[in-house]
Amino acid sequence: MRTDGISKSFDPNEAEPRLYSEWMNKGYFGAKVNPDKKPFCVVMPPPNITGQLHMGHALDNTLQDILIRYKRMKGFEALWVPGTDHASIATEAKIVEKMREEGLTKEDLGREKFLERAWDWKKQYGGRIVEQLKKLGSSCDWSRERFTMDEGCSEAVKDVFIKYYDQGLIYRGERIINWCPHCLTSISNAEVDYEDQAGAFWHLRYPFEDGTGYVELATTRPETLLGDTAVAVNPKDERYKDIIGKNLILPLVGRKIPVVADNYVDIDFGTGVVKITPAHDPNDFEVGLRHNLEVINVMTDDAKITEDYPKYAGMDRFEARKAIVKDLEEGGYLIKVEPHNHNVGTCYRCGTTIEPRVSLQWFVKMEELAKPAIEAVKTGKTKFVPERFDKNYFNWMEDIRDWCISRQLWWGHQIPAFYCDDCGEIVVTKENSAVCPKCGKPMRQDPDTLDTWFSSALWPFSTLGWPKDTEELKYFYPTNTLVTGYDIITFWVSRMMVAGCAHMNQPPFDTVLIHGLVRDSQGRKMSKSLGNGIDPLEVIAESGADALRFALVTGNAPGNDQRFQQDKIDMGRNFSNKIWNAMKFVLMNCEDDLEFSKVDESKFTLEDKWILNKLNNLISEASSNIENYDYGVALSKIVDFIWECYCDWYIEIAKSRLFDKECPTRLEAQYLLNKVLGISMQMLHPFMPFVTEEVYRNLVIDDKSDSIMISDWPTVIDRYKFDDEEKMMSTLMDAIRSIRNIRSEMGVAPSRKAHIIVVTENDNIASMFVNGKAFLERLASVSGLDTQKDKSGIPATAVACVFAGGEVYIPLGDLIDIDKELERLAKEKENLQKEIDRVNGKLSNEAFVSKAPEKVINAEKEKQAKYLEMFKGVEDRIAMLKNEQ
RNA sequence: GGGUGGUUAGCUCAGCUGGUUAGAGUACUUGCUUGACAUGCAAGGGGUCGUUGGUUCGAGCCCAAUACUACCCACCA
């Protein structure tokens with residue numbers, strides 16, 4: 001028996017790891033430079049080494065795996081490059097946190113020892129997420145796995161830094177930057193999350209130096225008063241014309257500060273007077289530059305007031321706020337406090353309120369670099385899917401600021417800049433040490449590291465060997481599709497686009513496929529704090545990776561968020577089970593010595609031709625859906641085909657041929673059952689790789705590949721195009737559905753088989769019913785049938801159902817309840833009347849007939865004829881039954 | 001303040017360039033130990049497609065306005 005050794009149900013926990021390691025051992029995931037094939041390349045967004053696989057990763061990697069498996073089957077040399085990201089801030093924070101538990105600080109350990117710990121961490125946890133990705137079924141070329149801090153990537157980072165520096169695109173300067181007092185580092189604009197917070201507006205008075213009164217102003221951050229070095233008004237503001245240039249005495253501090261005029265001030269907002277704190281506000285910093293104001297930093301790294309203000313020294317900024325407000329009030333400087341909501345910048349890693357702060361940092365000049373990257377999208381060299389996300393991209397890129405790339409962290413790429421403490425000379429070099437070219441003394445390397453995204457920006461080419469001029473680079477670059485979430489466009493996509501254009505003269509990919517967020521069943525973001533996250537690994541353990549992938553892809557459209565529900569996992573698991581059972585049934589009915597070489601295609605029956613035509617349509621439609629990245633749509637079409645067409649109809653119909661060992665078309669049925677299921681498995685494989693492989697291997701298929709993974713993607717088979725047969729078959733199916741419907745409504749027990757009479761004037765239809773007798777018997781509990789051209793001799797108590805081209809009568813004898821049947825017929829008549837009225841209305845509309853395309857008019861006419869015929873049939877029936885009463 | 005998406009059955013979502021009686025899954029009701037599968041099979045009920053106008057022979061789809069909702073961007077002290 002072919003079913004020997006085949007388990008009762010598919011067990012993902014057993015099959016998935018076995019198949020995965022087999023695929024890996026056989027090298028199916030690998031890709032190499034191969035001039036005989038077209039390249040297709042995807043680089044994986046490298047997950048953080050600190051990370052654990054979450055639903056976002058699961059979705060992102062499932063989509064990539066679908067894409068890469070599809071392309072591989074389509075005959076491309078398909079490379080999926082995996083790797084991990086060092087994630088400087090996140091990783092360093094975790095290590096520092098762990099050290100804190102041991103009572104240690106970074107400084108206690110020193111840089112070298114700290115980095116040793118960090119590398120240990122990487123060794124311990126960096127592999128964890130990789131193993132988790134494998135559980136998903138990801139078919140990456142693991143032999144090419146990379147890490148953003150490995151030798152090659154580090155080389156690339158240095159090269160880029162030096163190149164930019166030499167071109168004047170990287171500079172070092174004192175600017176106001178976003179400082180995280182918790183992570184103790186600068187962060188870039190992109191790393192700041194703004195959130196609306198309830199705050200207050202403190203109205204203050206600053207007295208004039210000459211004792212002639214005071215100006216009134218309002219602030220949301222009274223503690224920054226300590227660093228005020230001016231007060232600004234708008235030069236056009238008539239109210240304050242006379243005070244420009246006068247001096248004020250800063251309350252609590254006693255510093256003399258000028259009133260300056262600057263267009264930045266909005267006349268209509270507040271009192272029209274703004275206190276200027278250049279060291280702690282980006283706008284004030286700009287004002288300060290224009291008016292040559294002193295920049296006074298009043299806070300330490302961890303946002304405490306400095307020793308310069310003894311009364312508040314050591315206080316946290318929010319503590320200091322309270323103290324200062326109290327002192328202002330006592331000093332009579334506080335006029336009033338009103339509630340006020342405002343946008344507060346927070347650190348995207350730790351959520352701490354950002355402190356804008358003047359500091360010496362490294363920057364990349366972005367404006368020029370952004371231009372070719374913008375151009376690449378404008379000209380369509382790179383396109384976003386869905387298209388609307390290019391607006392998002394342009395929005396960011398066209399208004400881009402210089403990128404602060406230095407971080408006061410140890411874990412990362414140390415900036416390759418060296419300083420001479422003697423003469424102040426700066427050297428930027430790849431060497432590990434430098435000697436001052438001016439005074440010959442050893443130089444000190446900048447202690448800071450680079451923003452993580454600086455190295456990830458190079459990912460599409462650093463992973464292919466750059467800066468070396470490798471064969472891989474020539475063959476696989478530019479890569480093809482980048483798959484990532486919309487939340488990562490500014491962080492990563494934009495920077496890769498910039499880097500690719502700058503260093504490779506080509507944007508790094510032709511398509512950016514954007515997906516949305518995976519939310520919980522109530523539509524909320526999955527987050528640790530809410531505790532509403534679903535662990536993909538638990539889902540895999542319970543229901544298998546195929547079920548998880550099914551759940552993630554079902555109903556997923558590019559760029560859209562989706563809800564994740566247990567239902568979908570169950571559907572996936574049920575579907576696997578359905579496939580498995582279909583396979584078992586097929587094999588159960590295939591002898592060991594089948595000779596498919598003896599199959600005679602001229603013996604294909606109506607249902608054979610129907611399923612083949614359906615299959616052809618599926619191949620062409622699903623393929624084009626996949627090409628368009630509509631994976632959700634493609635999957636549902638494939639599922640519908642397998643479940644409805646193949647299982648619910650074709651298998652059921654085929655049963656009579658299989659069970660009758662003498663049936664002349666039995667071999668053809670066996671052949672097609674295997675073939676059609678096999679092709680369906682191939683199309684389903686990118687979505688559900690494991691169960692499809694297992695089923696494919698068990699089926700009886702000629703010229704079968706060793707693995708479904710490396711089989712050829714199915715194409716439309718021209719000799720199996722049977723549109724007419726498909727139409728005929730649907731007529732039969734309609735009739736079957738009608739019979740079932742009536743039996744169910746009349747409450748006829750399934751065990752009670754009925755002899756039916758088909759009335760039709762059309763000989764083709766009549767013979768179709770006769771030929772389909774066997775499956776009418778099976779599918780509609782029919783015990784036999786007659787055909788005739790008119791209604792003569794049909795007992796009045798027969799129940800009729802009408803279909804296009806005729807009627808089917810089911811004589812049910814005394815089982816029939818005439819009143820009930822009349823009621824049913826009346827309802828049907830009413831429905832038909834409505835439709836006829838609608839169609840008549842359309843066709844009698846002059847405008848419609850003269851303007852609508854002929855095709856549409858003809859369709860309406862056909863409908864009209866059909867409905868009229870059916871209507872007449874129903875009327876006759878009613879008359880007959882009434883007669884009987 | 002600017003921008004983007006969503007609003008279709010109780011729930012989750014499809015609906016391609018406007019053209020059958022607006023679909024699916026789930027939930028619900030009913031009937032089935034039908035020789036693969038109860039993780040299943042069959043039948044059924046359920047929607048004025050957010051609102052209001054407009055274009056058109058014809059609008060869930062296109063246009064305008066509006067409401068609600070989610071998100072992104074922005075220096076208003």
Side-chain angles (χ1 to χ4, degrees), chain A residues 3 8-9 194 201 217-221 224 232 264-266 268-277 281-286 340 342-343 356 386 388-389 391-392 395-396 399 486-487 489-490 516-517 521 523 543 554-557 559-565 567-568 570-571 573-589 621 624-625 628 630 632-633 636 639-640 647-648 651-652 655 659 737 740-745 747-751 778-781 831-832 834-835 838-839 842 845-853 855-857 859-860 862-863 867:
Chain A
T3 44
K8 191 165 178 290
S9 59
Y194 288 90
F201 232 173
L217 53 78
T219 180
T220 53
R221 299 200 54 197
T224 61
Y264 154 68
V265 181
D266 181 346
D268 300 323
F269 188 82
T271 59
V273 183
V274 184
K275 68 189 221 29
I276 302 297
T277 321
D281 182 280
N283 296 304
D284 293 5
F285 181 76
E286 296 298 320
H340 179 72
H342 63 144
N343 236 1
R388 66 184 133 94
F389 285 100
K391 282 205 183 92
N392 199 327
N395 192 353
W396 175 259
D399 187 32
Y486 57 68
D487 51 332
I489 295 175
T490 48
L517 265 37
S521 59
S543 310
T554 298
N556 181 285
N560 289 356
D561 287 355
Q562 63 171 323
R563 296 183 191 209
F564 192 85
Q565 282 161 315
D567 287 9
K568 289 188 185 171
D570 295 343
M571 275 164 65
R573 192 205 47 190
N574 294 356
F575 182 48
S576 277
N577 182 255
K578 185 78 183 173
I579 295 168
W580 192 255
N581 279 297
M583 173 202 77
K584 267 184 1 197
F585 173 78
V586 170
L587 297 180
M588 218 175 259
N589 289 285
E621 285 178 30
S624 82
N625 290 141
N628 292 326
D630 285 324
V633 177
S636 78
V639 172
D640 286 353
C647 293
D648 290 348
I651 285 186
E652 290 307 320
K655 279 180 179 171
F659 297 160
R737 276 189 274 253
R740 282 171 172 171
N741 176 338
I742 281 171
R743 295 182 58 105
S744 172
E745 271 186 39
V748 181
S751 53
R778 177 165 292 280
L779 300 185
S781 295
N831 284 340
L832 282 167
K834 259 192 232 160
E835 281 314 301
R838 200 185 53 79
V839 176
K842 255 185 165 176
N845 182 343
E846 178 64 28
F848 174 75
V849 180
S850 62
K851 287 187 181 170
K855 215 178 106 187
V856 175
I857 296 172
E860 291 296 325
E862 265 175 46
K863 258 187 280 172
Y867 290 143

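Below, read A as the first sequence line, B as the second, and so on, with proteins coming before strands; counting in each chain starts at 1.
A gap of 33 Å separates the C1' atoms of B:A24 and B:A64, to the nearest Å. Using P as the reference atom, B:C72 and B:G25 are 35 Å apart when rounded to the nearest Å. Rounded to whole Å, the P atom of B:G6 lies 25 Å from the corresponding atom of B:G47. The same atom, C1', is picked in B:G23 and in B:C37; the two are 26 Å apart, to the nearest Å. On the C1' atoms, B:G44 is 23 Å away from B:U39, given to the nearest whole Å. If you take atom P in B:G45 and the same atom in B:A38, they sit 28 Å apart, rounded to whole Å. Nucleotides B:G1 and B:G18 place their P atoms 35 Å apart, quoted to the nearest Å. Separation of the P atoms belonging to B:U48 and B:G10 is 8 Å when rounded to the nearest angstrom.
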Find every protein N or O atom lying less than 3.5 Å from an N or O atom of nucleotides 23-30 of chain B, and list the pairs.
from, atom 1, to, atom 2, distance (Å)
B:U26, O2', A:D567, OD2, 3.4

Extract from the structure each pairing of a protein N or O with an N or O of nucleotides 8-19 of chain B at less than 3.5 Å, listing the distance.
from, atom 1, to, atom 2, distance (Å)
B:U12, OP1, A:R563, NH1, 3.0

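If you check every strand for non-hydrogen atoms under 4.0 Å, A:N343 touches a base. In this structure, A:V265 reaches the bases: a heavy-atom distance under 4.0 Å links it to at least one base atom across the strands shown. Residue contacts shown for A:R221 are absent, as no nucleic acid heavy atom lies under 4.0 Å away. Base contact: A:K655 has a heavy atom under 4.0 Å from a base atom. Residue A:A859 is classed as having no contact, given no heavy-atom separation below 4.0 Å to the nucleic acid. Nucleic acid contact for A:F575: none, since no nucleic acid atom lies under 4.0 Å from a heavy atom of the residue. Using a 4.0 Å heavy-atom cutoff across all strands shown, A:N741 reaches sugar-phosphate atoms only and no base atom. Within the nucleic acid shown, A:G516 has no heavy atom closer than 4.0 Å to any nucleic acid atom. Across all strands, A:F389 comes closer than 4.0 Å to no nucleic acid atom at all (heavy-atom distances). If you check every strand for non-hydrogen atoms under 4.0 Å, A:I651 touches a base. Across all strands, A:E652 comes closer than 4.0 Å to base atoms (heavy-atom distances).
Considering only side-chain atoms of A:R778, the nucleotide from B:G35, B:A77, B:A36 that sits closest is B:G35. Closest to the A:R388 side chain, of the nucleotides B:G5, B:C72, B:C75, is B:G5.
Looking at A:S576 and A:K578, their side chains never bring a donor and an acceptor atom within 3.5 Å of each other. A:N581 and A:K584 share a donor-acceptor pair across their side chains, judged by distance under 3.5 Å alone. The closest side-chain donor-acceptor pair between A:Y486 and A:D561 falls under 3.5 angstrom.
As a whole-Å value, the separation of A:K275 NZ from B:C76 C1' is 15 Å. A:D281 places its CG atom 10 Å from the C1' atom of B:C76, with the value rounded to the nearest Å.
A search for side chain to side chain contact (heavy atoms under 4.5 Å, CB included) contacts involving A:V639 returns A:F550, A:F575, A:L635, A:W643, not counting sequence neighbours. A:D570 is linked by a side chain to side chain contact (heavy atoms under 4.5 Å, CB included) to A:Q566, A:R573, counting only residues two or more places apart in sequence or in another chain. Applying the side chain to side chain contact (heavy atoms under 4.5 Å, CB included) rule to A:S9 yields the partners A:N577; only residues at least two apart in sequence or on another chain are considered.
Where stacking is scored as ring centres under 5.5 Å apart with planes under 30°, A:F659 registers as stacked on the base of B:G35.
Taking for each of A:H340 and A:A582 the nucleotide of RNA chain B with the nearest heavy atom, the 5'-most of the two is the partner of A:A582.
Stretches of at least 3 consecutive Watson-Crick or G-U wobble pairs, with each checked distance under 3.5 Å, appear in RNA chain B as B:1-7 with B:67-73, B:10-13 with B:23-26, B:28-32 with B:40-44, B:50-54 with B:62-66.
Scanning both residues, A:E860 and A:F848, for their nearest heavy atoms gives CG-CZ, 4.0 Å.
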